[in-house]
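Just below is one structure, and these are the notes that go with it.
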Amino acid sequence: MSKHITTIAALGTALTGSVLLAHQDDPKINDRQPAVIAPAYRADQQPGENRSLGFDSENVQLKSWLPLGSLDGADTGNDCWGYVSPSGREYALMGTSSSTVIVEITNPGDAQIVATLSGPNSLWRDIKTYGTYMYCVSEGGGGIQVFNLANIDNGNVQTLNSAGSGSTHNVAIDTESGFLYRTGGVADGMYIYSLANPAAPVQVGSWTDRYIHDAQVVTYTDGPYAGRQIAFCCGGFSGGWNDTGLTIVDVTNKSNPFVVGQSYYSGAQYSHQGWLSEDRTLFYLNDELDEQYNGTLTTTRVLNVEDLSNPHLVSTFTSGSTSIDHNLYTHNGMIFEANYRSGLRVFDASNPTNPVQYGYFDTYPSNDNASFNGLWNVYPYFPSGTVIGSDLESGLFVWEIGILDPCTLPIGTCATDVTGDGFVDVADILGVIDNWGDCGDGTYRPDGDVDGNCCVDVSDLLAVVDVYGSECVVTGACCAGDSSCSELSATDCAATGGLYSGDETTCANTTCPGAGDEAATAMTAQVGQNAYETDSATPSSPEPDESMCSGTYLDWSNSQDIWFVWNASFSGNAHFTTCDPSSYDTSMVLYQGSSDNQVACNGDANGDNGCQSYYSTIDFTVQAGTTYFIRIGGWQGATGSGTLTIE
């Protein structure tokens with residue numbers, strides 16, 4: 001969405017002329033954060049690995065995750081769409097600030113990059129397909145990029161001549177009629193292209209009465225509107241800011257589009273995007289700024305559009321989060337929403353005017369604030385049921401929707417100890433016999449399934465007999481009161497008064513409560529983002545030497561603080577920053593070699609983008625292999641949660 005739009009007059013109807021910079025004050029720019037640095041994950045290549053990584057979820061299973069560094073190394077991600085080749089192979093089309101990346105997800109647990117297609121550099125890119133063709137637009141200009149994916153199964157993409165010129169925010173395609181619509185960017189309205197020759201779109205019309213941010217265009221094939229091509233447009237005047245709402249335009253005659261109906265709603269701030277219900281009686285609409293400006297919960301509007309001349313609000317629904325709702329789509333009785341900091345939200349639309357949340361996958365674990373970070377788009381239309389999502393900071397996610405079948409999980413290391421008493425003995429043989437013939441139905445794994453085939457049979461009995469008399473103790477990470485960690489059995493952990501993290505968890509992947517509260521238990525930092533909170537921390541002593549950064553408002557005041565330890569992975573200037581728009585007024589201190597050798601500090605800084613009002617930065621020349629301690633507190637004792645970024 002845009003804040004201050006500079007409108008240009010189109011020369012003729014081709015949007016020619018200079019490309020102007022739109023969105024210069026857009027919150028998406030102001031809220032920018034560094035790309036998440038993490039290794040790629042592919043479930044089929046890493047069986048048994050617990051890859052929740054702080055991503056809270058329900059009824060949504062992560063199959064692959066390709067962060068931006070594993071895609072094309074771009075600064076940000078944006079839109080995504082999908083493509084199915086004539087052979088049935090499935091591909092994610094992932095937009096980034098510098099290109100469109102094509103990833104094969106036929107096997108969702110082994111996502112593989114096939115092609116990277118460069119485009120104008122921009123935070124905004126949008127992608128749609130028609131037949132074997134892919135069309136990409138960007139606010140960086142360049143008109144419509146056209147690609148032929150007919151030979152994508154062999155890794156080949158044909159780049160064709162672009163159509164039109166200038167910048168575009170979004171692209172919509174009516175696949176029934178074969179027309180493409182450019183919307184948004186620096187010009188009002190929509191610009192209509194015929195795809196009669198899909199390799200060379202030709203502009204055949206336009207409608208410029210209002211700014212259109214996004215649209216869905218469909219051809220009615222039955223009912224009172226049969227044969228009519230209708231555009232459901234989210235936008236308004238003055239870049240979409242004034243009289244924002246839903247405008248329904250009849251675009252059947254490309255030389256004379258006209259408004260059929262108009263709908264407004266209370267609390268409107270910026271009508272962003274929406275999608276029709278599958279029976280086309282309702283339109284679900286996301287307002288991109290009502291949560292931020294009105295302080296409301298994440299709210300999707302439901303409008304009745306059975307009578308196109310009288311669209312009207314009938315209800316709203318929410319996930320109960322506070323994040324911004326962005327893009328949504330309807331499919332197979334469900335509504336899929338990409339809601340920025342609360343990630344993917346899936347709603348059951350059995351009651352279409354009162355959908356209820358079925359599942360979610362939170363791609364931005366830190367918080368659900370109404371800020372422009374996290375999941376940008378979602379695409380749920382693959383025949384396999386695979387769903388993909390594109391994230392501003394975290395790249396491409398590949399999911400399966402539904403309850404995880406326990407039988408797809410790896411068998412534990414002590415599976416032959418059926419009773420769990422630490423010994424393989426007669427009780428385990430009896431445990432197999434007691435469950436003989438039981439097979440899982442997708443919701444459970446039967447007790448006695450030792451070999452992992454999800455049924456209890458002779459192979460399980462033989463496996464137990466084979467190790468009869470042996471001892472097997474399952475261990476996991478056990479957190480002690482001093483935040484230290486040992487790998488013990490659940491029984492031994494309880495005996496020491498520790499907190500057991502779960503079977504087969506490891507200390508290497510566990511952060512114990514209280515970790516980071518003192519330098520001796522400092523959390524390990526890495527290049528990139530490192531989350532922390534100081535609300536539950538205690539003050540450390542001695543206090544920092546404020547004379548090293550006088551005038552920057554360090555003002556430690558016995559602040560509750562948290563410690564990180566970082567082993568420098570490079571030599572040269574390191575930039576340490578607590579920039580995080582949802583964080584508090586921080587103060588930061590840097591120590592070299594040991595936690596008593598202070599070398600720098602800072603209270604308030606400037607120069608970083610998309611930060612809270614008062615944040616801290618330190619630039620320091622580091623040496624690879626040297627240990628550094630980073631201590632974060634708050635001005636005059638302020639506390640809260642935040643992000644330490646090292647770059």
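Positions are given from 1 along the sequence. Owing to the predicted nature of the structure, the values given are computational and were not obtained by experimental measurement.
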Open item on the list: Quick check for you: to the nearest 0.5 Å, what is the distance between Leu375 atom CG and Leu392 atom CG?
Closed with: 8.5 Å

- [ ] Write down the atom of Ser206, the atom of Ile192, and the distance for their closest heavy-atom approach.
- [x] N-CD1, 4.1 Å

- [ ] Return the orientation label for the Tyr270 and His213 ring planes: parallel under 30°, perpendicular over 60°, tilted otherwise.
- [x] perpendicular

Task: Short side-chain donor-acceptor distance under 3.5 Å, Ser98 and Asn121 - done: no

Task: Gln229 backbone acceptor or donor facing Thr252 side chain under 3.5 Å - done: yes

Open item on the list: What I want to check is whether the side chains of Asp585 and Gln612 have a donor and an acceptor closer together than 3.5 Å.
Closed with: no

- [ ] Any chance you could lay out the side chain to side chain contact (heavy atoms under 4.5 Å, CB included) test for Glu393 and Arg32, step after step, and finish with the verdict?
- [x] CA-CA 9 Å; Glu393 292 84 16; Arg32 287 289 39 78; 2.7 Å; yes

Open item on the list: Between His312 and Asn310 (side chain of the first, backbone of the second, donor and acceptor by atom type, cut-off under 3.5 Å), is there such a pair?
Closed with: yes

Task: N/O donor-acceptor pair under 3.5 Å between Asn377 side chain and Cys80 backbone - done: yes

- [ ] Give me the ring orientation class for Tyr381 and Trp275: parallel if the planes are under 30° apart, tilted from 30 to 60°, perpendicular past 60°.
- [x] tilted

- [ ] Fit a plane to each ring of Tyr379 and Phe382, take the angle between them on a 0 to 90° scale, and name the class: parallel (under 30°), tilted (30 to 60°) or perpendicular (over 60°).
- [x] perpendicular

TODO: Give the C-alpha distance, both sets of side-chain angles, the deciding distance and a yes or no for side chain to side chain contact (heavy atoms under 4.5 Å, CB included) between Tyr83 and Met134.
DONE: CA-CA 8 Å; Tyr83 174 71; Met134 177 176 70; over 6 Å; no

- [ ] Keeping the roles fixed (side chain from Thr159, backbone from Phe147), state whether a donor-acceptor pair exists under 3.5 Å.
- [x] no

Open item on the list: Working to the nearest 0.5 angstrom, can you tell me the gap between Thr208 OG1 and Arg210 CZ?
Closed with: 12.5 Å

- [ ] Indicate yes or no for a side-chain donor-acceptor contact from Asn373 to the backbone of Asp31 under 3.5 Å, with no hydrogens or angles considered.
- [x] yes

- [ ] Any chance you could lay out the side chain to side chain contact (heavy atoms under 4.5 Å, CB included) test for Val249 and Met190, step after step, and finish with the verdict?
- [x] CA-CA 11 Å; Val249 183; Met190 52 185 163; 3.9 Å; yes

TODO: Identify, with sequence neighbours excluded, every residue that meets side chain to side chain contact (heavy atoms under 4.5 Å, CB included) alongside Ser319.
DONE: Thr298, Ser321, Arg345, Phe347, Gln357

- [ ] Compute the ring centroids of Phe232 and Phe283, then answer whether they are less than 6.0 Å apart.
- [x] yes

Task: Heavy-atom pair with the smallest gap, counting every atom of Leu313 and Ser315 - done: CD1-O, 3.5 Å

Open item on the list: I need the Asp72 CG to Thr116 OG1 distance, nearest 0.5 Å.
Closed with: 6.0 Å

- [ ] Measure from the side-chain N and O atoms of Glu337 to the backbone N and O of Asn339, and report whether any donor-acceptor pair falls under 3.5 Å.
- [x] no

Task: Distance-only donor-acceptor check, side chains Tyr360 and Asn59, under 3.5 Å - done: no

Open item on the list: I'd like to know if the side chain of Asn294 and the backbone of Thr296 have a donor-acceptor N/O pair within less than 3.5 Å.
Closed with: no

Open item on the list: Classify the ring geometry of Phe361 against Trp399: parallel below 30°, tilted from 30° to 60°, perpendicular beyond 60°.
Closed with: tilted

- [ ] State, without any angle test, whether Asp368 and Ser342 hold a side-chain donor-acceptor pair at a distance under 3.5 Å.
- [x] no

Task: Donor-acceptor contact below 3.5 Å, side chain Ser238 vs main chain Trp241 - done: no

TODO: Salt-bridge test for Arg228 and Asp250: reply yes if a basic N is under 4.0 Å from a carboxylate O, no otherwise.
DONE: yes

Task: Sub-6.0 Å ring centroid separation between Trp207 and Tyr181 - done: no

TODO: Quick one: closest heavy-atom pair of Leu68 and Ala35, and the distance?
DONE: CD1-CB, 3.7 Å

- [ ] Go through Thr247 and Gln262 one step at a time and tell me if the side-chain hydrogen bond (donor to acceptor under 3.5 Å, both in side chains) criterion holds.
- [x] CA-CA 5 Å; Thr247 305; Gln262 177 72 46; 2.6 Å; yes

Task: Contact summary for Asp325 and Asp287, nearest pair of heavy atoms - done: OD1-O, 3.0 Å

TODO: Output the distance between atom CG (Leu285) and atom CG (Asp214), rounded to the nearest 0.5 Å.
DONE: 10.0 Å

Task: Test side chain to side chain contact (heavy atoms under 4.5 Å, CB included) applied to Thr244 and Gln269, step by step - done: CA-CA 7 Å; Thr244 194; Gln269 295 294 344; 5.9 Å; no

Open item on the list: Within the 3.5 Å criterion, strictly below it, is a donor on Arg182 or Tyr191 matched to an acceptor on the partner's side chain?
Closed with: no

Task: Closest non-hydrogen atom pair between Asn78 and Leu123, with its separation - done: ND2-O, 3.1 Å

Task: Pairwise side-chain contact, Asp608 with Tyr615, heavy-atom cut-off 4.5 Å (strictly under) - done: yes

TODO: Could you tell me the separation between the CD1 atom of Ile105 and the OG1 atom of Thr386, rounded to the nearest 0.5 Å?
DONE: 5.5 Å

- [ ] Check step by step if side-chain hydrogen bond (donor to acceptor under 3.5 Å, both in side chains) holds for Glu288 and Tyr340.
- [x] CA-CA 10 Å; Glu288 194 175 26; Tyr340 282 122; 3.0 Å; yes

Task: Salt-bridge criterion met for Glu139 and Arg125 (N-O under 4.0 Å) - done: no

Open item on the list: Can a donor-acceptor pair be found, under 3.5 Å and without considering hydrogens, that links the side chain of Trp65 to the backbone of Ser394?
Closed with: yes

Open item on the list: Just checking Asn161: does its CG atom have more than 12 heavy atoms from other residues, nucleotides or ligands closer to it than 6.0 angstrom?
Closed with: no

Task: Close side-chain approach of Met94 to Ser390, heavy-atom, < 4.5 Å - done: yes

- [ ] Check the pair Tyr220, Arg280 against side-chain hydrogen bond (donor to acceptor under 3.5 Å, both in side chains), reporting the backbone distance first and the verdict last.
- [x] CA-CA 9 Å; Tyr220 281 80; Arg280 297 182 178 174; 5.7 Å; no

Task: Distance-only side-chain donor-acceptor flag, Glu533 / Tyr584, under 3.5 Å - done: no

Open item on the list: Can you confirm whether or not the ring centre of Phe55 sits under 6.0 Å from the ring centre of Phe397?
Closed with: yes

Open item on the list: Please find the pair of heavy atoms, one from Thr577 and one from Thr617, that lie closest to each other, and give the distance.
Closed with: OG1-CG2, 3.4 Å

Task: Greater than 12 external heavy atoms within 6.0 Å of Asn606's CG - done: no

Task: Flag, side chain of Lys254 to backbone of Val204, donor-acceptor distance under 3.5 Å - done: no

Open item on the list: Classify the ring geometry of His169 against Trp124: parallel below 30°, tilted from 30° to 60°, perpendicular beyond 60°.
Closed with: tilted

Open item on the list: Please tell me whether Asn369 and Ser371 have a donor and an acceptor in their side chains that are separated by less than 3.5 angstrom.
Closed with: no

Task: Over-ring placement of Arg301 relative to Tyr284, 6.0 Å and 45° cut-offs - done: no

Task: Evaluation steps, side-chain hydrogen bond (donor to acceptor under 3.5 Å, both in side chains), between Thr353 and Asn351 - done: CA-CA 6 Å; Thr353 59; Asn351 182 345; 3.2 Å; yes

Open item on the list: Tell me if the centroids of the rings in Tyr135 and Tyr130 come within less than 6.0 Å of each other.
Closed with: no

Task: Test item: side-chain donor near acceptor, Thr363 and Asp391, under 3.5 Å - done: yes

